[in-house]
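Worksheet: one structure, shown below.
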Amino acid sequence: MIDLKLLQKDFAGFSAKLMRKGVSEALLNDLKEKNETLKIAKVAFEELQAARNAMSKEFGVYKREGKDINELKARIDANNVKVDAALEVQRQAQVALETLAMTVPNAPDDSVPDGADENDNIEIAKVLTPKEFSFTPKEHWELAEQNGWIDFERGVKLATSRFSVSFGMGARLERALINFMLDFNRERGFEEVSVPALVNRQALEGTGQLPKFEDDLYKMDGLDLFLIPTAEVPVTNLYADEILTADELPIRMTAYTSCFRKEAGAAGRDTRGMIRQHQFHKVELVAMTTPDTSEAVFTQMVGCASDILTALELPHRLVNLCTGDLGFGAAHTTDIEVWLPGQNQYREISSISNTRDFQARRAKIRYKNGKKNEFVNTLNGSSLAVGRTLVAIMENNQNEDGSIDIPKVLKPYLGM
RNA sequence: GGAGAAGUGGGAGAGUGGUUGAAUCCGCGCCCCUGCUAAGGGUGUGUAGGAGCAAUCCUACCGAGGGUUCGAAUCCCUCCUUCUCCA
């Protein structure tokens with residue numbers, strides 16, 4: 001949730017930031033107006049309510065003293081009609097404002113470059129150099145099928161398109177990767193947590209997937225429960241509605257979950273292979289901390305994800321997302337793209353975002369700063385998407401005969 | 001699945017219609033006294049929103065949402081959660 005107080009206080013400044021993210025001026029004006037309307041409605045209601053409280057108190061005194069209450073009762077009744085009306089006005093104003101405000105994305109940081117889409121993202125750094133192949137490297141689905149690691153047809157048979165099944169070393173590598181990543185993150189100070197794969201509406205509103213992106217979520221029939229699109233949702237919401245103490249911050253967590261996405265807007269993209277699946281494994285990093293330390297934690301998280309790829313000897317690059325490619329809740333995001341020789345391009349494998357207080361404001365995650373309660377900053381990032389990591393290993397470590405070298409760091413996890 | 005009980009502030013725990021936003025204890029903050037591996041005294045201590053330079057004041061919140069009432073933590077209804085007993 002954006003800071004409506006800030007919008008009210010510095011409309012020009014704050015709305016300029018939101019307009020960089022494509023929020024229309026008309027919407028912002030509407031928002032400002034609805035906020036003012038609510039304020040006025042609240043004051044009106046509260047004044048009437050105060051009058052009622054005072055008269056009710058008086059009523060008690062009258063009764064005790066045995067005075068005649070008829071005249072007072074008449075006044076109270078008249079006032080109550082107004083109270084009810086004012087309450088209704090206030091309610092409607094509240095709903096109108098919230099409905100609108102919940103659909104407004106986070107304001108990008110000033111450091112975020114302007115741009116329309118992923119083509120305008122700015123490369124920050126390259127890590128490791130892609131190796132030269134003496135043959136034409138194959139794409140991962142070919143390698144996966146040749147090695148018997150992944151069966152795409154049987155996934156479709158069991159569910160529908162964009163589902164796959166891993167067999168043998170393919171399945172074992174996935175498990176090894178998950179364990180390796182969790183251990184790696186834990187050694188960097190992220191506590192491992194295991195969370196539900198189903199969450200309620202409130203949780204998804206807290207992290208910003210709802211109300212705007214319901215189309216991309218799997219919803220349980222007849223229940224207000226959804227399959228998580230990322231562990232970010234349950235893990236961030238662990239502390240929803242809580243007031244933390246400053247000395248327990250930063251809270252840093254890592255979690256492995258399956259993730260479920262309808263990929264509603266991705267028809268026709270990456271239909272082949274396991275780049276874009278409806279269900280995929282991911283190890284996630286989530287942190288909540290004070291505003292003055294969130295950038296340090298952010299840097300650590302990016303380092304964590306990048307270092308995992310380095311440990312796996314996978315060439316990758318860091319990219320600063322432009323305004324057009326930035327997610328709904330992010331103030332700024334660094335993507336990590338891994339080199340895929342089969343595709344001859346870098347592909348996203350991790351996305352690390354600082355949402356500042358955007359999610360905290362929605363989920364009401366606060367901390368005691370001296371006497372005052374303030375919103376924490378929440379951060380999240382993948383470290384990493386397991387399927388895509390497996391893809392990268394296959395494509396980067398392939399030999400001419402189609403065999404694949406197992407990364408050194410994973411061998412202990414495979415009993416090798 | 002059936003029967004019952006309960007959900008109050010950081011914690012424990014009072015409170016069954018009216019100066020109760022909530023006694024008391026513990027914890028925590030500050031001050032004082034005292035001085036040695038202590039203890040005592042005083043005082044303060046929820047959240048959100050609004051008015052005001054400020055002191056302060058107003059409104060809402062006692063699991064959630066409705067209802068009854070001039071007035072509800074207190075009565076009624078629905079839901080959620082927890083516990084106990086039964087299947």
Side-chain angles (χ1 to χ4, degrees), chain A residues 1-11 14 31-102 195-196 198-206 210 219-220 222-226 234 237-249 251 288 290 357-376:
Chain A
M1 179 85 101
I2 56 161
D3 187 352
L4 288 169
K5 263 191 216 162
L6 202 59
L7 193 73
Q8 209 67 42
K9 225 171 80 184
D10 177 23
F11 183 72
F14 195 66
L31 205 59
K32 182 169 187 270
E33 203 174 293
K34 285 193 160 77
N35 194 34
E36 277 163 3
T37 305
L38 175 61
K39 242 192 211 174
I40 292 163
K42 264 191 167 164
V43 170
F45 168 72
E46 283 174 9
E47 275 171 5
L48 290 166
Q49 185 75 341
R52 179 170 87 172
N53 289 345
M55 285 190 281
S56 286
K57 230 170 234 180
E58 219 179 323
F59 192 98
V61 175
Y62 273 39
K63 276 221 134 175
R64 216 172 303 131
E65 293 173 353
K67 286 198 205 160
D68 176 55
I69 54 166
N70 286 326
E71 184 271 340
L72 179 58
K73 173 95 164 66
R75 269 196 291 148
I76 293 174
D77 287 344
N79 186 65
N80 274 353
V81 174
K82 289 192 224 164
V83 171
D84 290 344
L87 179 61
E88 191 48 35
V89 169
Q90 190 209 299
R91 266 187 191 154
Q92 280 173 18
Q94 179 99 41
V95 169
L97 176 66
E98 267 174 19
T99 305
L100 190 62
M102 287 293 275
V195 291
L198 286 172
V199 292
N200 57 34
R201 183 171 291 274
Q202 204 181 343
L204 286 154
E205 283 174 350
L210 289 179
K219 185 174 190 297
M220 295 293 112
L223 297 170
D224 213 24
L225 288 173
F226 302 79
N237 278 286
L238 283 173
Y239 295 98
D241 235 345
E242 293 192 24
I243 300 166
L244 304 160
T245 58
D247 60 326
E248 60 189 311
L249 298 175
I251 291 174
M288 35 203 75
T290 56
D357 62 2
F358 185 79
Q359 292 180 327
R361 197 178 292 280
R362 289 174 156 241
K364 297 190 181 66
I365 309 171
R366 291 152 294 173
Y367 75 103
K368 274 255 183 265
N369 185 11
K371 279 217 160 237
K372 290 186 76 174
N373 293 331
E374 284 175 14
F375 291 111
V376 301

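Here is the naming used below: chain letters follow the sequence lines, and residue numbers restart at 1 for every chain. Just so it is clear, the model here is predicted, and its values are computed rather than measured. Hydrogens, waters and symmetry mates play no part in the numbers below; they use all other heavy atoms, side chains included.
- Among the atoms of the strands shown, none is found under 4.0 Å from any heavy atom of A:K57.
- For B:U43, the paired base is B:G29 (Watson-Crick or G-U wobble, both distances below 3.5 Å).
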Taking distance alone, no hydrogens or angles, what donor-acceptor pairs closer than 3.5 Å link side-chain atoms of residues 237-245 of chain A to residues at least two apart or in another chain?
| residue | atom | partner | partner atom | Å |
| --- | --- | --- | --- | --- |
| A:N237 | ND2 | A:A203 | O | 2.7 |
| A:N237 | ND2 | A:V233 | O | 2.8 |
| A:T245 | OG1 | A:D247 | OD1 | 2.8 |
| A:T245 | OG1 | A:E248 | OE2 | 3.0 |

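- In this structure, A:P234 and A:P196 approach most closely via the heavy-atom pair CG-O, 3.8 Å.
- Here, B:A87 and B:C75 have their P atoms 33 Å apart, quoted to the whole Å.
- Taking a 4.0 Å limit (strictly below) on heavy-atom distances, residues 48-56 of chain A reaches RNA chain B at A:Q49, A:A50, A:R52, A:N53, A:S56.
- Nucleotide B:G17 has no partner under the Watson-Crick or G-U criteria, as no pair reaches both atom distances under 3.5 Å.
- Taking atom P on both nucleotides, B:G15 is separated from B:G63 by 15 Å, rounded to a whole Å.
- In this entry B:A48 has B:U59 as its Watson-Crick or G-U wobble partner, both defining distances falling under 3.5 Å.
- Applying the side chain to side chain donor-acceptor pair (under 3.5 Å) criterion to A:K39, with sequence neighbours excluded, gives no partner residue.
- Projected onto RNA chain B by closest heavy-atom contact, A:K39 and A:I243 fall at different nucleotides, the more 5' of which corresponds to A:I243.
- Partners of A:R91 under the side chain to side chain donor-acceptor pair (under 3.5 Å) rule, at least two apart in sequence or in another chain, do not exist in this structure.
- Within the 4.5 Å cutoff, the side chain of A:L7 has heavy atoms near those of the A:L31 side chain.
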Contacts table for residues 51-63 of chain A: side-chain donor-acceptor under 3.5 angstrom, sequence neighbours left out:
| residue | atom | partner | partner atom | Å |
| --- | --- | --- | --- | --- |
| A:S56 | OG | A:R52 | O | 3.2 |
| A:E58 | OE2 | A:Y62 | OH | 3.4 |

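- Residue contacts shown for A:R75 are absent, as no nucleic acid heavy atom lies under 4.0 Å away.
- With both pairing distances under 3.5 Å, B:A54 is matched to nothing as a Watson-Crick or G-U wobble pair.
- The nucleotide B:A73 finds no pairing partner, because no Watson-Crick or G-U wobble arrangement with both distances shorter than 3.5 Å includes it.
- Applying the Watson-Crick and G-U wobble criteria (two distances, each under 3.5 Å), B:A64 pairs with B:U78.
- B:C36 makes up no base pair with any nucleotide shown, lacking Watson-Crick or G-U wobble contacts both under 3.5 Å.
- Among the protein residues, A:K368 comes within range of the sugar-phosphate backbone only, with heavy atoms under 4.0 Å from sugar or phosphate atoms but none that close to a base.
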List, one per line, each side-chain donor-acceptor pair under 3.5 Å for residues 76-89 of chain A, sequence neighbours excluded.
| residue | atom | partner | partner atom | Å |
| --- | --- | --- | --- | --- |
| A:D77 | OD1 | A:K73 | NZ | 3.2 |
| A:D77 | OD2 | A:K73 | NZ | 2.9 |
| A:N79 | ND2 | A:L48 | O | 3.3 |
| A:E88 | OE2 | A:Q92 | NE2 | 3.2 |

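- Using P as the reference atom, B:G2 and B:C61 are 34 Å apart when rounded to the nearest Å.
- Rounded to whole Å, the P atom of B:G65 lies 26 Å from the corresponding atom of B:G4.
- Across all strands shown, A:R361 has no heavy atoms under 4.0 Å from either base or sugar-phosphate atoms.
- Once you apply a 4.0 Å limit to the heavy atoms of chain A, the touched nucleotides of RNA chain B run 5' to 3' over B:G18 to B:G71.
- Considering only residues two or more places apart in sequence or on other chains, A:Y367 meets the side chain to side chain donor-acceptor pair (under 3.5 Å) condition with A:E374.
- For A:D3, the salt bridge (Lys or Arg N to Asp or Glu O under 4.0 Å) test picks out A:R361, with sequence neighbours left out.
- B:A5 and B:U20 have their P atoms separated by 31 Å, given to the nearest Å.
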